[in-house]
Student: 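Pasting a structure below so you can have a look.
To find a chain, count down the sequence lines: A is the first, B the second, and so on, and within it residues start at 1.
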Amino acid sequence: MRASGGLPAYRRGPLASVRLSFAAPCCCLARKCAFCARIAHPAQVSPMRLSRFFLPILRETPKEAEIVSHRLMLRAGMVRQESAGIYAWLPLGLRVLRKIEDIVREEQNRAGAIELLMPVIQSADLWRESGRYEAYGKEMLRIADRHEREMLFGPTNEEMITEIFRAYVRSYKDLPLNLYHIQWKFRDEVRPRFGVMRSREFLMKDAYSFDLDAAGARHSYNKMFAAYLRTFARMGLKAIPMRADTGPIGGDLSHEFIILASTGESEVFCHADYMDMPTPPADIAFDDRDVMQGVFEEWTKRYAATSEMHDASAFDALPEAQRVSARGIEVGHIFYFGTKYSQPMRAVVNGPDGKETPVQMGSYGIGPSRLVAALIEANHDDAGIIWPESVAPFTIGLANLKVGDAATDAACADLYAKLEKAGVDVLYDDRDERPGAKFATLDLIGVPHQVIVGPKGLAEGKVEVKNRRTGAKESLSPDEVINRFTA
RNA sequence: CGGGGUAUGGCGCAGUCUGGUAGCGCAUCUGCUUUGGGAGCAGAGGGUCGCAGGUUCGAAUCCUGCUGCCCCGACCA
């Protein structure tokens, strides 16, 4: 299915009549947005002068980069490949990665999950307990320490979290519990490709839920389901949950969250209603089982499937206007697997009846590093990246078109200082470059708003504000600019 | 894991067939001019030609072995 047509999937164009771009649900500029409902002020707001930043942009495209996100990440100086499927994150890329992490973390916390941090190196013995040490195969990077002890670089953490759980939790009164971390994983892919989209080392948020019974586990699953809808929506992505194979994780209930992008790796089919469904609001009752079950049912009752699970006859039964077939990228995957690990690893609690019961578990993954690439696949044009506001490395690019000119220098310095003071992430291009080079740089790195300060406009007391996504240009006074972005 | 490529300055490439002082564009540095969509002129610096052997008076070039990386397929957060 995937290989049909003679061309690799990612090179084929989008299937017909599909809307692939979505507006972010909010502007996020003021950080007072009701949808996002930020819990904490983002730590990553740190304005920067480009002349002092480390932004190694490339004018030419490195030949190894085949897909647009990989090309643009290399050109924009976001990552550097250090080995096959292994990347260093350069400052610009790291900023985006951190902003994605922040959103993921906020929504996990909002849904009641609790953050911890587990190590990347694990003991083989732990994996022998679950039986996966042999089963996982060559994708697991196995290493020996100086004492010849068998260790491994974690590809996932079900075993370790189960070990931590069983060491401390004895009573059903401590449930439900959902623990997560955001940590680097290593899976020794046979063939890493597409930059950070399919790398061997990748960042993953993995959460693990523990419940006394199946009904409780179901609620935990639904909470993560709703949290994922919110997480992707906050990044301006339309993610559609689709029933999925459980693969090596195991279990009997699983959904993949797929975002639509014309360069996606897999072919997906879904009902057109998914394009406009309302995402759960920030204040939705995560602790109410009926509310959460309602969200789940609303988002799963219409047809949606990847090509592996596709039922052509069910899809074709839909009215033609409601059929959407497109390409998709998997950005999240959730599983309910019951006692698959708690049973063999003896993670048990005493129930109200005094009997020991293995806990019901689920796991929930999002790949922030893959999301960086997926976001670019969904948001770019010929000139470069177009970041959604919420994950942009900088909110504003301030371009001084004539460095050395007293008026433009002073106007830029004033704007920069005021924006910085107001907590706006601004990148001030104060390099002694020609205007064309500055426009090209800001377009390439995808800063959502460009504030352009040149001698001509300034003579009339105006600067130009350009929207990277729409291209719309406005002529505003510097004071109006400050009001616009700090209101 | 099968198949196919490729490796020459930071990036993109030529040179290899037919062995003889390592080249081009971009980038970088200096100076002057320029300044609203990747500027122009002049000058400069930077490469043990992936690694190890071998052939030869002489190897980027020929031979042998190895390694890295990329692409296609099967597999995958």
Student: How far, in whole Å, is rU8(B) from rG4(B) if one measures between their P atoms?
Tutor: 22 Å
Student: Once you apply a heavy-atom cut-off of 4.0 Å, does Asp206(A) come out as touching a base, just sugar-phosphate, or nothing?
Tutor: nothing
Student: Any side-chain donor-acceptor pair under 3.5 Å between Arg49(A) and Tyr416(A)?
Tutor: no
Student: Check this one for me: any side-chain N or O of Arg59(A) less than 4.0 Å away from OP1 or OP2 of rA27(B)?
Tutor: yes
Student: Answer with yes or no whether Arg75(A) presents, from its side chain, a donor or acceptor under 3.5 Å of a partner atom in the base of rG38(B).
Tutor: yes
Student: According to the salt bridge (Lys or Arg N to Asp or Glu O under 4.0 Å) rule, which pairs have a member within residues 360-385 of chain A, sequence neighbours left out?
Tutor: Asp381(A)-Arg468(A)
Student: Go through the N and O atoms of the side chain of Glu433(A) and the base of rG38(B), and report whether any donor-acceptor pair is under 3.5 Å.
Tutor: no
Student: Both distances under 3.5 Å, Watson-Crick or G-U wobble: report the partner of rU55(B), or none.
Tutor: none
Student: Going by centres under 5.5 angstrom and planes under 30 degrees, do the aromatic ring of Phe202(A) and the base ring of rA77(B) stack?
Tutor: yes
Student: Can you tell me if Glu201(A) and Ser199(A) form a side-chain donor-acceptor pair at under 3.5 Å?
Tutor: no
Student: Ser83(A) near the nucleic acid: base, sugar-phosphate alone, or nothing, with a heavy-atom cut-off under 4.0 Å?
Tutor: sugar-phosphate
Student: Give me the distance, rounded to whole Å, that separates rG25(B) from rC69(B) when you measure between the C1' atoms they each carry.
Tutor: 24 Å
Student: Considering just the side-chain nitrogens and oxygens of Gln81(A), establish if one lies under 4.0 Å of OP1 or OP2 belonging to rG68(B).
Tutor: no
Student: For rC76(B), which nucleotide is its Watson-Crick or G-U wobble mate, given both distances must be under 3.5 Å?
Tutor: none
Student: For Gly457(A), report the nucleic acid contact type (base, sugar-phosphate, nothing); a contact means any heavy atom under 4.0 Å.
Tutor: base
Student: When the C1' atoms of rA14(B) and rU61(B) are compared, how many Å lie between them, rounded to an integer?
Tutor: 14 Å
Student: For rC76(B), does the base pair up with any side-chain atom of Arg198(A) as donor and acceptor (N or O, under 3.5 Å, distance only)?
Tutor: yes
Student: Is the Phe257(A) to His255(A) ring centre distance short of 6.0 Å?
Tutor: no
Student: Say you pick atom C1' in rU28(B) and the same atom in rG45(B); how far apart are they, in whole Å?
Tutor: 9 Å
Student: Does His310(A) have its ring centroid less than 6.0 Å away from the ring centroid of Phe269(A)?
Tutor: yes
Student: Over all strands shown, is Gly454(A) touching base, sugar-phosphate only, or nothing at heavy-atom distances under 4.0 angstrom?
Tutor: base
Student: Give a yes/no answer on whether the side chain of Arg187(A) brings an N or O atom under 4.0 Å of OP1 or OP2 in rC76(B).
Tutor: no
Student: Using a distance-only test with no angle check, is there a side-chain donor-acceptor pair under 3.5 angstrom linking Tyr428(A) and Asn400(A)?
Tutor: yes
Student: Which nucleotide sits closest to the side chain of Glu189(A): rA74(B), rG38(B), rA77(B)?
Tutor: rA77(B)
Student: We want to know whether Glu64(A) and His70(A) form a side-chain donor-acceptor pair, criterion being a heavy-atom distance below 3.5 angstrom.
Tutor: no
Student: Is there a side-chain polar atom (N or O) of Lys138(A) under 4.0 Å from OP1 or OP2 of rC1(B)?
Tutor: yes
Student: Expressed in whole Å, how much space separates the C1' atoms belonging to rU16(B) and rU6(B)?
Tutor: 14 Å
Student: Give a yes or no on this: more than 12 heavy atoms of other residues, nucleotides or ligands lie within 6.0 Å of atom CZ of Arg80(A).
Tutor: no
Student: Could you check which nucleotide pairs with rG37(B) in any of the strands shown, counting Watson-Crick or G-U wobble with both distances under 3.5 Å?
Tutor: none
Student: Looking at rG10(B), which nucleotide sits across from it as a Watson-Crick or G-U wobble partner, both distances under 3.5 angstrom, or is there none?
Tutor: rC26(B)
Student: When rounded to the nearest Å, what value does the distance between P atoms of rA60(B) and rG53(B) take?
Tutor: 15 Å
Student: For a quick check, tell me whether the side chain of Lys466(A) and the base of rG36(B) share a donor-acceptor pair closer than 3.5 Å.
Tutor: no
Student: Looking only at atom P, what distance separates rA7(B) and rG15(B), rounded to whole Å?
Tutor: 10 Å
Student: How would you label the contact of Ser369(A) with the nucleic acid (heavy atoms, under 4.0 Å): base, sugar-phosphate, or nothing?
Tutor: nothing
Student: Collect all protein-nucleotide pairs involving nucleotides 7-16 of chain B in which both atoms are nitrogen or oxygen and the distance is under 3.5 Å.
Tutor:
from: rC11(B); atom 1: O2; to: Glu60(A); atom 2: OE2; distance (Å): 3.4

